[in-house]
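Here the structure comes first, spelled out in structure tokens, and everything after it is commentary.
Quick caveat: nothing in here was measured; it's all calculated off a predicted structure.
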Amino acid sequence: MSFQGRSHLFNDRNVDHYRRSLTDGVERVATRIARTERPFSGVTPDRLAPEIAGIDLERPLSDPAAALDELESVYLRDAVYFHHPRYLAHLNCPVVIPALLGEAVLTAVNSSLDTWDQSAGGTLIERRLIDWTAGRIGLGEDADGVFTSGGSQSNFQALLLAREEAFARAAAAAAYAGDTLSKHDFLPRLRILASEAGHFSVQKSAKMLGLGTDAVIAVETDQDRRMRPAALARELERCRTEDLVVMAVVATAGTTDFGSIDPLPRIADLCSWAGAWFHVDAAYGCGLLASPTRRHLLDGIERADSVTVDFHKSFFQPVSSSAVLVRDGSVLRHATYYADYLNPARMAEQRIPNQVDKSIQTTRRFDALKLWLTLRIMGADAIGSLFDEVVDRAAQAYDLLADDPRFEVVTKSQLSTVVFRYLPPAGPERELADDANLHAREAIAASGDAVVAGTKVDGRHYLKFTLLNPETSLDDIAHVLELLAEHAGRFVDEKSDPELRRKAG
């Protein structure tokens, strides 16, 4: 059995096995992609779960070909394929081939980006990409950051740093006055101000940071779902008068639902006036950093204290590839812990670059390599142009919906989302609008013809397109709208109450 196990280890004696196995796997995926006609099979959990549960993991198949055959039926056949032009649901992007090359390299070498003696060149490549991103943002020479698993982790780390900085300032002020301040007494006073259209990870982060349930204050948005500076000013003043400490203001550059970008310069002014940490969640909108035509939409982001970017959204990278960046690299010390076996303090004194000194993770993938190869092969302008294409397509989709009396569209996105709903004809059937839209979304997913998202706006159910595929055409969008209208209209016809129709005359 030991020999059988050794035969699967990747080393200098098994490179031919490695080549054959990966070639076979790549061929399976390539064949599946080439033959995929729909973004989803429509499979339900009840149908697929028993098939997977019935596999005996104590009895290996031994043969890689047999394992790939099995994988076809339990995964590849029913996977949701984001590359398909009629996948229009969540912030999942098709990926570029240079990034897939990077994925193959990084998994084989298997560097861990926590310490220099585990990664060497990988450490320097990641640091170079952090510097490049900070330069695109405009954070200045003292900026720093680290790659993370995603936007939620990046937001969490940014708010952790904001919390620690707020406490450090308050404790220093107390000491100057000859007093002491305990964190136990200080935490209940902390508040985070965030757009009511912002990401839920802000609330989750507040909970994990030990703050009260009322620590996150939702700031009112305007008709375009952008944070109102006047509303932010009122909340800042209210917190001041109630002796509450605003540890951070979270602005969003690309809300998940609406693709809206908060007025960053005006928010930065208010944060400067109030002495509050200014965080920008640009997980979605970071693609504008590479845009040849729309970079100005992020004006003001250069004044942030911290920024979240998700390369696996608008830079067309495979999951995961995210980062958190800070204007003042010294604040990353709040995530530092020295362990004698890993990164003793003497290493920092010797200027040995250990990335774990900045990260809340220890073992960490070399996800930066995917972006590195993308930039080295394609270049930033090519990535930005792809993102420009999907933003243009969303604007066209908005116009298409605005001109269609069957639908109601909410607001014109600054990025690539479109929120809308099917509206039954005026009259009693209008009361069926919520259920009709829910049904249409479920029906189109069950058919596998397309995948769309859903959300709530002012308590009502809406549908949502999130466009991240440059291959999605306006014809694709029009076709999906016809399918949605067909499903929703049929539902209304079947559910309409004849008595309501009679009452309506």
Side-chain angles (χ1 to χ4, degrees), residues 8-30 33 64 68 71 75 79 82-83 92-133 144-154 157 283 286-287 290 308-325 342-343 352-380 382-383:
H8 293 289
L9 286 173
F10 177 42
N11 55 40
D12 59 320
R13 295 184 298 278
N14 289 330
V15 291
D16 287 338
H17 183 193
Y18 164 72
R19 287 193 183 101
R20 287 193 303 272
S21 294
L22 263 66
T23 298
D24 290 347
V26 167
E27 182 58 33
R28 295 284 183 130
V29 174
I33 293 292
L68 286 171
L71 194 66
Y75 176 56
F82 305 142
H83 77 280
N92 307 115
C93 60
V95 295
V96 292
I97 293 173
L100 294 179
L101 174 61
E103 189 75 54
V105 174
L106 75 90
T107 55
V109 180
N110 201 32
S111 298
S112 180
L113 265 287
D114 43 338
T115 58
W116 168 259
D117 63 0
Q118 298 177 74
S119 60
T123 292
L124 300 181
I125 286 173
E126 179 174 300
R127 289 191 167 205
R128 181 70 183 87
L129 285 172
I130 288 293
D131 290 343
W132 177 83
T133 307
D144 202 350
V146 70
F147 271 63
T148 70
S149 66
S152 292
Q153 184 185 325
S154 294
Q157 182 163 349
C286 65
T308 287
V309 294
D310 267 9
F311 301 113
H312 60 230
K313 287 187 172 67
S314 47
F315 272 71
F316 306 95
Q317 300 295 291
V319 174
S320 59
S321 184
S322 180
V324 60
L325 297 105
L342 186 69
N343 62 326
I352 295 174
N354 291 324
Q355 292 293 82
V356 72
D357 296 349
K358 308 174 184 180
S359 175
I360 60 176
Q361 294 174 264
T362 304
T363 302
R364 194 162 50 82
R365 284 165 49 93
F366 184 21
D367 285 315
L369 180 60
K370 296 175 286 191
L371 179 61
W372 178 268
L373 284 179
T374 299
L375 292 177
R376 298 309 298 141
I377 295 171
M378 294 176 59
I383 288 291

Exercise. Applying side-chain contact (heavy atoms from CB on, under 4.5 Å) between Arg127 and each of Leu129, Ile130, Thr123, Ile125, report the one that passes.
Key: Thr123
To the nearest 0.5 Å, how far apart are [atom1] in [X] and [atom2] in [Y]?
| X | Y | atom1 | atom2 | result |
| --- | --- | --- | --- | --- |
| Arg28 | Thr23 | CZ | OG1 | 13.0 Å |
| Thr363 | Gln118 | OG1 | CD | 6.5 Å |
| Glu103 | Leu100 | CD | CG | 7.5 Å |

Tell me whether [X] contacts the main-chain N or O of [Y] through its side chain, where contact means a donor paired with an acceptor under 3.5 Å.
| X | Y | result |
| --- | --- | --- |
| Ser21 | His17 | yes |
| Asn343 | Asn354 | no |
| Arg364 | Leu113 | yes |
| Asp114 | Val356 | no |
| Asp310 | Gly151 | yes |
| His312 | Ser321 | yes |
| Ser111 | Ser119 | no |
| Ser359 | Gln355 | no |
| Asn11 | Arg13 | yes |

Quiz item: Do Asp144 and Leu325 have side-chain heavy atoms sitting under 4.5 Å apart?
Solution: no
Practice problem: Answer yes or no: is there a side-chain heavy-atom contact under 4.5 Å between Val324 and Lys358? | Solution: no
Practice problem: For the pair Ser320 and Ser149, evaluate side chain to side chain donor-acceptor pair (under 3.5 Å) and give the outcome as yes or no after the intermediate values. | Solution: CA-CA 6 Å; Ser320 59; Ser149 66; 5.9 Å; no
Exercise. Not counting sequence neighbours, which residues clear ring-ring contact (aromatic ring centres under 6.0 Å, His included) with Phe311? List them please.
Key: Phe147, Phe315
Under 3.5 Å, side-chain donor or acceptor atoms of residues 372-380 against the rest of the protein: list the pairs with distances, not counting sequence neighbours.
residue: Thr374; atom: OG1; partner: Gln317; partner atom: NE2; Å: 3.0
residue: Thr374; atom: OG1; partner: Lys370; partner atom: O; Å: 2.8

Self-check item: Salt bridge present between Arg365 and Glu126 (N-O < 4.0 angstrom)
Solution: no
Quiz item: Under a 4.0 Å N-O cut-off, is there an ion pair linking Asp131 with Arg128?
Solution: no
Quiz prompt | Summary of side chain to side chain donor-acceptor pair (under 3.5 Å) pairs that have at least one residue in residues 93-102, sequence neighbours excluded | solution = none
Practice problem: Could you give me the CA-CA distance, side-chain angles and deciding distance for Ile352 and Trp116, then say whether side chain to side chain contact (heavy atoms under 4.5 Å, CB included) is met? | Solution: CA-CA 7 Å; Ile352 295 174; Trp116 168 259; 3.8 Å; yes
Exercise. Count the heavy atoms of every other residue, nucleotide or ligand shown that sit under 6.0 Å from CZ of Phe10, and state whether that count exceeds 12.
Key: yes
Self-check item: Neighbour count above 12 (heavy atom, 6.0 Å) for Ile97 CD1
Solution: no
Exercise. Identify the two heavy atoms, one from Ser314 and one from Ile383, that lie closest to each other, and give their separation to 0.1 Å.
Key: O-CG2, 4.2 Å
